[in-house]
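Right, one structure below, let's go through it.
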Amino acid sequence: MKFFVFSIILANVVLTIQAATVLETLESLKYTEYLDMVKAAGLDSKFNDSAVTWTVFAANNTGVNATLAPKHLVISNITSNATESKDIVEYTLYNHTLLSDDIKTGTTILTAVNGMNLTVVKNTTGIFVNGIMVIKPNITADKSVIYEMESLLIPPDVKL
Ligand SMILES: *[C@@H]1O[C@H](CO)[C@@H](O)[C@H](O)[C@H]1NC(C)=O
Ligand SMILES: *[C@@H]1O[C@H](CO)[C@@H](O)[C@H](O)[C@H]1NC(C)=O
Ligand SMILES: *[C@@H]1O[C@H](CO)[C@@H](O)[C@H](O)[C@H]1NC(C)=O
Ligand SMILES: *[C@@H]1O[C@H](CO)[C@@H](O)[C@H](O)[C@H]1NC(C)=O
Ligand SMILES: *[C@@H]1O[C@H](CO)[C@@H](O)[C@H](O)[C@H]1NC(C)=O
Ligand SMILES: *[C@@H]1O[C@H](CO)[C@@H](O)[C@H](O)[C@H]1NC(C)=O
Ligand SMILES: *[C@@H]1O[C@H](CO)[C@@H](O)[C@H](O)[C@H]1NC(C)=O
Ligand SMILES: *[C@@H]1O[C@H](CO)[C@@H](O)[C@H](O)[C@H]1NC(C)=O
Ligand SMILES: *[C@@H]1O[C@H](CO)[C@@H](O)[C@H](O)[C@H]1NC(C)=O
């Protein structure tokens, strides 16, 4: 009986974890600077929609800093511009769920939600998007999957 009750509690915990949206998962991973851009872009409710089926190429705060610091920028330089924030965030989104096993060895072109292409390379070293290495693949969030990138993807039309 005790084991049975424990199993139910455990099952509920697992269900709760699996039910986390992309927004909630990024919050729990503390990707606060990436999320600042999501909010500046007005995309937070979309990110919290459990129905989206995305592949999200995001970066943690260290990864965002790796892109901005060499250009003497901080996140507020981006979030002060909603249009730019939206362009950058939508460049990190692909409209279908791709686990790492779904990515073929070699080069794959994906059209991001902002309409621009991302070049994905999978080889014996790992997975790269526009030459930026994937640190952690397969972080699932509802029907979506998040890839932690070494730094932030910036679309070619954004001049930092
Ligand atoms: C995200 O959606 C959940 C319900 O799925 C809700 O409980 C939560 O408050 C929402 N979070 C934000 C920041 O809107
Ligand atoms: C954050 O991302 C960097 C790569 O940019 C990685 O080296 C580091 O381990 C990550 N930190 C955490 C806490 O996941
Ligand atoms: C941000 O990156 C710069 C160089 O790229 C580094 O010197 C600095 O320590 C980093 N800051 C944080 C908070 O990671
Ligand atoms: C970036 O933000 C800092 C701090 O708010 C500001 O001093 C600086 O002028 C900004 N840089 C650009 C290029 O806007
Ligand atoms: C905001 O970003 C857009 C797109 O990068 C750019 O065209 C525009 O000039 C920027 N606005 C300001 C006030 O810097
Ligand atoms: C990614 O997820 C797929 C499907 O669950 C799994 O087969 C694969 O081993 C995972 N890859 C990594 C690197 O975790
Ligand atoms: C993303 O996919 C959804 C569901 O398949 C579709 O309704 C939507 O139009 C797509 N958006 C883009 C930008 O491709
Ligand atoms: C994006 O990639 C597709 C498929 O490879 C290609 O047909 C299209 O011309 C590319 N678009 C741009 C803007 O490079
Ligand atoms: C894999 O691709 C990356 C990015 O294009 C490249 O830097 C790396 O050298 C490649 N590794 C091998 C073993 O070819």
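Order of listing sets the numbers, starting from 1, for every ligand and every atom in it. Just the heavy atoms: all of them, side chains too, but no hydrogens, waters or symmetry mates, feed the values below. A quick note: this is a predicted structure, and the numbers were derived from the prediction, not measured.
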*asked:* Quick check: closest heavy atoms across E33 and N65, and the distance to 0.1 Å?
replied: OE1-N, 4.5 Å
*Y147 versus S100, closest heavy-atom pair with distance*: OH-N, 2.9 Å
Between the side chain of [X] and the main-chain N/O of [Y], is any donor-acceptor distance below 3.5 Å?
| X | Y | value |
| --- | --- | --- |
| T97 | V145 | no |
| S85 | A41 | no |
| N81 | T83 | yes |

What short N/O contacts, under 3.5 Å, does ligand 3 make with the protein, listed by atom pair and distance?
from     : atom 1 : to  : atom 2 : distance (Å)
ligand 3 : 2 (O)  : N65 : ND2    : 2.3
ligand 3 : 11 (N) : N65 : ND2    : 2.9
ligand 3 : 14 (O) : N65 : ND2    : 3.2

*Within the structure, does N117 bring an N/O atom to less than 3.5 angstrom of an N/O atom in ligand 8?*
yes
*OG1 of T92 to CE of M37: how many Å apart, nearest 0.5 Å?*
7.0 Å
*Going by the atom numbers of ligand 2, which of them fall below 4.0 Å from some non-hydrogen atom of E148?*
1 (C), 2 (O), 10 (C), 14 (O)
*Taking atom types as modelled and ignoring hydrogens, do the side chains of N61 and T32 form a donor-acceptor contact shorter than 3.5 angstrom?*
yes
